[in-house]
Number of protein chains: 2
Amino acid sequence: MASMNEVAKRAGVSIATVSRVLNNSESVNEETRMKILKAIKELKYQPSRVAKRLRSKSGAGNLLGVLIPDIQNPFYVDVLRGIEDVAYQNNYVIIMCNFSQDEKKEAMYLEILESEAIDGLIAAPAHEDDQRVKKIVRNGLPVVCVDRGLKGMDVDVVWVNNLESAYQAVSFMIEKGYKRIAHIGGLPTIPSSRLRLEGYRNAMQDHGLELDENLIIQGDSSYASGMQVTEKLLNMKNPPDALFTGNNLITLGALEVINGRKLQIPKDIAVLGFDDMNWSNALNPPLTAVRQPAYEIGKRAGELLIQRIKDPKRPCIHMTLNSELKVRHSC
Amino acid sequence: MASMNEVAKRAGVSIATVSRVLNNSESVNEETRMKILKAIKELKYQPSRVAKRLRSKSGAGNLLGVLIPDIQNPFYVDVLRGIEDVAYQNNYVIIMCNFSQDEKKEAMYLEILESEAIDGLIAAPAHEDDQRVKKIVRNGLPVVCVDRGLKGMDVDVVWVNNLESAYQAVSFMIEKGYKRIAHIGGLPTIPSSRLRLEGYRNAMQDHGLELDENLIIQGDSSYASGMQVTEKLLNMKNPPDALFTGNNLITLGALEVINGRKLQIPKDIAVLGFDDMNWSNALNPPLTAVRQPAYEIGKRAGELLIQRIKDPKRPCIHMTLNSELKVRHSC
DNA sequence: ATGAAAGCGCTAACAT
DNA sequence: ATGTTAGCGCTTTCAT
């Protein structure tokens, strides 16, 4: 790979001038500019992003970190797609850090990202009291949180109206006539899990339905937990007639168990999932679900981050996107 | 962030000595080592991976590029997980480049990766004649291909026995008694699409079944193409009694159409998919599928890449993993 | 309008 | 065993 020096030599100018035309800064004589452009072309010169990053400490490195809890969850894949599109359009590139709900791994990745001199970070922190992410924000790195905020910390957040969405979904179930609606929640440490649970509780109460605490079980947000909890619920002497599942993976786990028992959805048990998937119509019956605009969450987060990199002083924004109840046939 | 210089000053030594203890190279007096370690701790010093990368041109940068055609395809997500695990264990970090089957985007990303001075690349090239990836290999960057090779080029590849797997799958369908088995293929430019088609053809012929060319349709490997082609097939005057779908996304698209028409699987039409998903049991009925060991493909590729980075002279390996027919209830 | 030179944080000769 | 020094490829004053 040719370096700026070689370009400068070939064009018979100094590297400073080359740098100037590259950053189309200030006034450069049209003639010399042409000479330089020619040399660049001939040498197939491409600037080293590494050197650039080393030199200019802020925002010019075109490198973003993305920290997500679980790449196997389709929700985060879609978020990632949104981020990636914005990043790509702005000549940024992404270091992907999937910490698989493992806080040790999260800590490692965060250290590495710092030492990679990223220009900004999009993160779904392990929980809202995540000291590691908080420290990074305090250190002045531009950060945008997705799906979860940071308690007591002013930071950009893009998320969805979890409580209201859950409330609306459960209300829908109630109106459909379901009485014993169980909720399989995600990790209680995750704020969105708690909000969805709260929405569930509120809806039940507001509609005068009895709140059977045995019907509320929180797992660890995984497929396996979806299976386990569903088993448990279905084994009850008085099992639920409907399931409100707390995320994508839980929903899928629940479906596996229900299918395994040859139960009919929604006749024997109805299912309404939080989180939609692009292929929810491929399920049989098609899944009724709360659709978070995952791609858009990622896109917005990317935009906010790039804004913040350019203008670190801009006041923080909490952007709440609306989710949508996709009524299909499982409830 | 503290720099090596500050550490050196605090410990009262030169930066060279600091560098030595960091790379636990050569002999350093135990006493000074302690002093330095102490200073490092006190300053919370972390080496800059950027500076390191700029300086030492080969393999020390701990940065890997991953180039994949479609992050929305669960197969690639699992591959990515495998790569990521190996990378993480070896202190490498990943720049994720999803080119969404768009060759312009692929080209852009490849350029950027070069200028990021990555130590190695794992790629699923757009096709086997991909000049851009070929050039990178020729330039001497360590590269491992997954899922697809590079025609006329000696390069490490990790893939699956596509032809045999398809052959086996279709034979299974035939033995089950299906006669009019349709194949919805992926992009003909992708080698694995062609191999799976060939496996299909061979199986049909070897079992003395008529090869109705109307039953063989190649799309673009997407969910949408899965839907379109399935529509077309089901609208035939003499529709197929079984579907052999060419990848994950196609399968899901096909299922949506089949469900939409209230057709029973496998009674009205059987489905066998190439590519399994972690949640295939959540489908109703559970999907019979050819399971590629996607995670392991990623893991192996990661291992091969790190080996090659350490030893660029090692002869190339074509590693063919076995896929497995998961017989469930859709066929 | 252009060049010279310092320096980002580190590695790797080369000295001592 | 440790220090000095010359870069890696670039940006950015400060001169001219």
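So you know, we letter chains A, B, ... as the sequences are listed, proteins then strands, and number each from 1.
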Toward the 5' end of DNA chain C, by each residue's nearest nucleotide, B:Q46 or A:V28: A:V28
Sugar-phosphate only, base, or nothing, as touched by B:L22 at under 4.0 Å among non-hydrogen atoms: nothing
Set of residues satisfying side chain to side chain contact (heavy atoms under 4.5 Å, CB included) with respect to B:D78, sequence neighbours excluded: A:Q72, B:N278, B:A294
Pairs where residues 46-67 of chain B contributes a residue and the test ring-ring contact (aromatic ring centres under 6.0 Å, His included) is met, not counting sequence neighbours: none
B:E116 versus B:L63, closest heavy-atom pair with distance: O-CD1, 3.8 Å
Atom-pair distance (CG on A:N24; P on D:dT12), nearest Å: 13 Å
A:R55 (side chain) and D:dG9 (base): donor-acceptor pair under 3.5 Å: no
Atom-to-atom span, CG of B:L54 to P of C:dC8 - whole angstrom: 13 Å
Neighbours of DNA chain D within residues 2-11 of chain A, by heavy-atom distance under 4.0 Å: A:S3, A:M4
Interatomic distance where NZ belongs to B:K35 and C1' belongs to D:dG3 [whole Å]: 13 Å
Minimum-distance nucleotide (side-chain atoms of A:A16 versus D:dC10, C:dA4, D:dT11): C:dA4
N or O in side chain of A:T17 less than 4.0 angstrom from C:dT2 OP1/OP2: no
Side chain of B:R20 - closest among D:dT12, D:dC8, C:dA13: C:dA13
Flag for A:D102-A:S100: side-chain donor and acceptor within less than 3.5 Å: no
Touch class at under 4.0 angstrom, heavy-atom based, for B:S48 against every strand present: sugar-phosphate
Presence of B:S14 side-chain N/O under 4.0 Å of D:dG3 phosphate oxygens OP1/OP2: yes
Pair listing, ring-ring contact (aromatic ring centres under 6.0 Å, His included) test, anchored in residues 302-321 of chain A, at least two apart: A:W159-A:H318
Nearest-Å distance for atom pair CZ/C1', residues B:R53 and D:dG7: 18 Å
DNA chain D base-pair string [pairs: Watson-Crick or G-U under 3.5 Å; |: paired with another strand]: ||||||||||||||||
ring-ring contact (aromatic ring centres under 6.0 Å, His included) partners of residues 79-98 of chain B, not counting sequence neighbours, each pair once: A:Y109-B:Y88
Whole-Å distance separating the CD1 atom of B:I15 from the P atom of C:dG9: 11 Å
Test salt bridge (charged side-chain N to carboxylate O under 4.0 Å, His left out) applied to A:R81 and A:E84, step by step: CA-CA 5 Å; A:R81 277 280 292 119; A:E84 193 234 327; 3.5 Å; yes
Student check: side-chain heavy atoms of B:C145 and B:D156 closer than 4.5 Å: no
Selected nucleotide, minimal atom distance to B:V13 side chain, candidates C:dT11, D:dG3, D:dT13: D:dG3
Check: A:S222/A:D220 side-chain N/O donor and acceptor closer than 3.5 Å: yes
Separation of atom CG in B:N62 from atom P in C:dT11, rounded to whole Å: 11 Å
Nearest-Å distance for atom pair CZ/C1', residues A:R49 and D:dG9: 15 Å
Between B:Y295 and B:D85: side-chain donor-acceptor atoms closer than 3.5 Å: yes
Whole-Å gap separating C1' (C:dT2) and CE (A:M34): 18 Å
Residue A:N29, side-chain atoms from C-beta onward, closest of C:dG9, C:dT2, D:dT11: C:dT2
Candidates D:dC10, C:dT11, C:dT2 - which lies nearest the side chain of A:T32: C:dT2
